[in-house]
Amino acid sequence: MKTPTFLLCFVLFLFVPFTGMGQEIVLPLNSETNLIEYSELVQIDSTTTQKALYSRAKEWVAIAFKSAKDVIQMDDSENGIMILKGIIPISGGMYLADGKVDFTMKIQLKNGRYKYWMTNFNHSSYKSGYSGGALENTKPACGSMFMMKKGWNQVKESTDKYAHIITQNLKSFMTKQSIDKKVENW
């Protein structure tokens, strides 16, 4: 008896999502906290004061985020510390529950240098029961029935891309002169 082509194609189609799941996405892990963390100490011109760097960082937050007022959780100009709570929108893909990844970003500024940390990444879905939880988890908190490994990898990939974009954007902005300096002779 011959196997109908339709049945063979159907069986192959069922197994396609389980093959080629890809490698586990490896995100930078802080060995002390065991949390995913993007951080860097960035040296700027040594004559740049903490106050000037703080002003640039504040300007960057206002431009980079939809609402600086909602994002800034701590704002200590005297000690040059800002703590932000941000959101990475996650969407698309048949293996992925749409949602967001919340994160915390700390920026500490000193004369001629600053350091940033991005950490506390946590996925939550807009659909009840589909949240992945902490990105350090190998498997999503909602379980593999609700989000396959490929979907969890997509969440991690999107987070990694966004983290690199936002930190690159911060570095570019902090190394240029403030907009105020450029337009002071208007």
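In this text the structure is predicted, and so the values were computed from the model without any measurement. Just so you know, residue 1 is the first one in the sequence shown, and it goes up from there.
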**Q** Which distance, rounded to the nearest 0.5 Å, do you find between the CG of Asn153 and the CG of Asp160?
**A**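 Separation between the atoms: 11.5 Å.
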
**Q** Work out which heavy atom in Met147 is nearest to a heavy atom in Val155; give both atom names and the distance.
**A**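 Met147 and Val155 have their closest heavy atoms at SD-CG2, 4.2 Å.
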
**Q** With the side chain counted from C-beta on, respond yes when Ile166 and Tyr38 share a heavy-atom pair under 4.5 Å apart, and no when they do not.
**A**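 The answer is no; the side chains never approach within 4.5 Å.
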
**Q** Would a hydrophobic clustering, with Ile, Leu, Val, Met, Phe, Trp and Tyr connected at side-chain separations under 4.5 Å, put Ile81 with Phe103?
**A**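 Different hydrophobic clusters.
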
**Q** Quick check on the hydrophobic clustering: are Met82 and Phe65 connected, directly or via other members, by side-chain heavy-atom contacts under 4.5 Å?
**A**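 Yes.
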
**Q** When you measure from the side chain of Thr119 to the backbone N and O of Ile36, does any donor-acceptor pair fall under 3.5 Å?
**A**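 Pair found, side chain donor or acceptor close to backbone of Ile36.
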
**Q** Is there a path of hydrophobic side-chain contacts, each under 4.5 Å between heavy atoms, that joins Trp60 and Leu41?
**A**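 The answer is no; the residues belong to distinct hydrophobic clusters.
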
**Q** Restricting to non-hydrogen atoms, name the atom on Val61 and the atom on Ala68 that form the minimum distance, rounded to 0.1 Å.
**A**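 Heavy atoms of Val61 and Ala68 come nearest at CG1-CB, 3.8 Å.
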
**Q** Does the Lys156 side chain pair with the main chain of Leu135, one donor and one acceptor, at a distance under 3.5 Å?
**A**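 Checking the backbone N and O of Leu135 against the side chain of Lys156, a donor-acceptor pair under 3.5 Å is found.
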
**Q** If I take atom CG from residue Asn79 and atom CD from residue Gln108, how far apart are they, to the nearest 0.5 angstrom?
**A**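 Taking CG in Asn79 and CD in Gln108, the distance rounds to 8.0 Å.
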
**Q** Locate the shortest heavy-atom distance separating Lys139 from Ser144; write the atom from each residue and the value.
**A**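 Answer, listing the atom of Lys139 first, then Ser144: CD-OG, 4.4 Å.
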
**Q** Using a 6.0 Å cut-off, check whether atom CD of Gln43 has over 12 heavy atoms from anything other than its own residue.
**A**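 More than 12 heavy atoms, drawn from other residues, nucleotides or ligands, come within 6.0 Å of this atom.
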
**Q** Linking I/L/V/M/F/W/Y whenever any side-chain heavy atoms sit under 4.5 Å apart, do Leu27 and Tyr162 land together?
**A**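 Linked within one cluster.
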
**Q** I need the minimum non-hydrogen distance between Asp45 and Thr47, along with the two atoms involved.
**A**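 For Asp45 versus Thr47, the nearest heavy atoms are OD2-OG1, 2.7 Å.
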
**Q** Does Ser131 reach the side chain of Cys142, with side-chain heavy atoms less than 4.5 Å apart?
**A**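 Side chain of Ser131 against side chain of Cys142, heavy atoms only: no contact under 4.5 Å found.
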
**Q** Just verifying a value: how many Å separate Met118 CE and Leu35 CG, rounded to the nearest 0.5 Å?
**A**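 With rounding to 0.5 Å, CE (Met118) is 13.5 Å from CG (Leu35).
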
**Q** According to the interplanar angle, ranging from 0 to 90°, do the rings of His123 and Trp152 count as parallel (below 30°), tilted (30 to 60°) or perpendicular (above 60°)?
**A**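 Perpendicular.
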
**Q** Would you say that more than 12 heavy atoms from the other residues, nucleotides or ligands in this model lie under 6.0 Å from the NZ of Lys106, or not?
**A**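 Atom NZ in Lys106 is packed in, count exceeds 12.
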
**Q** Side-chain heavy atoms nearer than 4.5 Å, only ILVMFWY residues, links allowed to pass through others: does that put Leu29 and Tyr116 together?
**A**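 Yes: a chain of side-chain contacts under 4.5 Å links Leu29 to Tyr116.
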
**Q** Quick check on Lys115: does its NZ atom have over 12 non-hydrogen neighbours (other residues, nucleotides or ligands) under 6.0 Å away?
**A**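 Buried by this count: over 12 neighbours within 6.0 Å.
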
**Q** Atom CD1 in Ile90, atom OG1 in Thr159: separation rounded to 0.5 Å?
**A**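 Separation between the atoms: 4.5 Å.
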
**Q** If you define the side chain from C-beta out and look only at heavy atoms, does anything of Leu109 sit under 4.5 Å from Arg56?
**A**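 Result no, sub-4.5 Å side-chain heavy-atom pair not found.
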
**Q** Please report the shortest heavy-atom distance between Asp102 and Ser124, naming the atom on each side.
**A**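 For Asp102 versus Ser124, the nearest heavy atoms are OD2-OG, 4.1 Å.
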
**Q** Of the non-hydrogen atoms in Ser39 and Trp117, which two are nearest, and what is the gap between them?
**A**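 Where Ser39 meets Trp117 most closely, the heavy atoms are CB-CD1, 3.7 Å.
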
**Q** To the nearest 0.5 Å, tell me how far Tyr114 OH sits from Ile44 CD1.
**A**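 One gets 5.0 Å once the value is rounded to the nearest 0.5 Å.
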
**Q** Roughly how far, to the nearest 0.5 Å, is the CG atom of Leu84 from the CG atom of Asp70?
**A**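 Answer rounded to 0.5 Å: 12.0 Å.
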
**Q** Do Thr104 and Gln73 come within less than 4.5 Å of each other through their side chains, counting heavy atoms only?
**A**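 Not touching, per the 4.5 Å side-chain cut-off.
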
**Q** Please check this pair: side chain of Gln50 against backbone of Glu78, looking for a donor-acceptor N/O pair closer than 3.5 Å.
**A**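 Yes; judged by distance alone, with no hydrogens or angles, the pair exists.
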
